[in-house]
Each structure stands twice: as C-alpha cells, then as structure tokens.
Amino acid sequence: MALSTLGLLTIGAIPTVIGVAEAIDAQKKQNQQAKERIKFKLTANFSHDDVALPQDASVVFKNKKLYLNHPACPVEGYPFNGFYFGYPGPENHQGLVAPIADDPPMLNWIYADKDTGLLRHGSRSETVGHIVGPWSWTEDEEWLTLENGQNFVAVENDEGSWNIHYDKEGNLDEILDRDIVDINLHRELQLGVSSRYTRGD
Ligand SMILES: *[C@@H]1O[C@H](CO)[C@@H](O)[C@H](O)[C@H]1NC(C)=O
C-alpha cells in the first residue's frame, strides 16, 4: 500500500489496537464527511435563447424556489451556498441543505417537487412526499447529482426568468409544455480551512 494513501494520518497517533487498515478506513470516512461539509455555490452555463453564446448563471433562492440568475435574465435572490447533510428518514439519503437567510440564520432542505421536478427549498415537513435525495457529486467531484444522475433542466417561467427542474424521466418538456434546456450544475467549492481535504487522497 502506497504511503501517500495515508494522507493526513499521523502514524504515531494510531492506537496500537487498531490495525493500519482500519485506521485508514476511519480516516477515509472522516475525509469523506469533511468533503460533504464543504460549502459550494452552484452555476449553470447555458444559452437563454439557443442563439446567444452560453453564459454562466448562478443559483439563487426566491419564493421558495431555485432560480438561475442569468446575465440575460437576472433574478435577485439569496445566493445558494449549500452542503450535504444526512436527511433524517428511513432511506438515510444524503440530503442537501443551504442557508436561506442571514438574520435569523436558517437552513432549508433542497428538494425536487414530485410532480413537476421543480427544485425548491423548505423545512423538513415541507419536503415530505417529494424527492429529497440522494444528492451527491460526479466522480470528478465537479458536478451536482440527484439520484446518481445529472438530469437537470432550466425551464423558463412566466416572468421570463429561469427555474431549475429535475427531469427524472426525461419527459418534462411534454409535462410542462414549455421549452427546456439541459443543464449541468457546477459545484464551486467555497474552500476555506477545509481545502486540504480536497487535494489528493
Ligand atoms: C460557457 O460556455 C461557453 C461556450 O461553450 C464558453 O465559451 C464559456 O467559457 C463558458 N463559461 C464558463 C464560465 O464556463
């Protein structure tokens, strides 16, 4: 086993009753958890009219929905800056939470509406019956996933701005009878003290 896999482990700190393999497992678990707790912003690079070059939009909260603040159709909202957290339920899904206000500070769950796939945020009771996870990241850790896929789309709303939907079955354009645009949601890690956890492994 390569020494580099020990990562942050200090050899002298391993109690002798724990085998090195178990200690590495424990360290991996800890690293994994630290990674889940890293806050990230979300962006999507897309063209609002299929003609203009794609531009980067950032995800914001407004009226309990997730919006894309796109340069061509801006939305003023509270910026998404979320992280993963275990959703309390029998499935033990990895949930996604984010602060939705500064004063008083408050966290909400991010979920997809069971009928329209619209991404929303709310208290735990508001999420019941909807799709609450598992949220995760792609293998390269760059992109957000829900239920192990990246089936996200941008949908133009009546105000001419864009919401994010989860297109689970790939038939949302028929259900909503609207233009939809396939998007990927890029995780922009807000690296602070935790940055060392994302390097190497
Ligand atoms: C968005 O996509 C366009 C076209 O592919 C590219 O030129 C641009 O650099 C991208 N912007 C970002 C922030 O990735």
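Counting starts at 1 for both ligands and their atoms, following the listed order.
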Pair Glu156, Ser161: side-chain N/O donor-acceptor within cut-off below 3.5 Å: no
Polar atom proximity, Gln55 to ligand 1 (N or O, under 3.5 Å): no
Trp143-His186 aromatic ring centre distance below 6.0 Å: yes
Centroid-centroid distance, Phe83 to Phe40, less than 6.0 Å: no
Protein contact for atom 9 (O) of ligand 1 (heavy atom, distance under 4.0 Å): no
Thr43, Leu53, Asn45: member with heavy atom nearest to atom 3 (C) of ligand 1: Asn45
Minimum-distance protein heavy atom relative to atom 5 (O) of ligand 1: Pro54 CG, 4.3 Å
Pairing residues for Thr145 by the side chain to side chain contact (heavy atoms under 4.5 Å, CB included) criterion, not counting sequence neighbours: Ser136, Thr138, Gln150
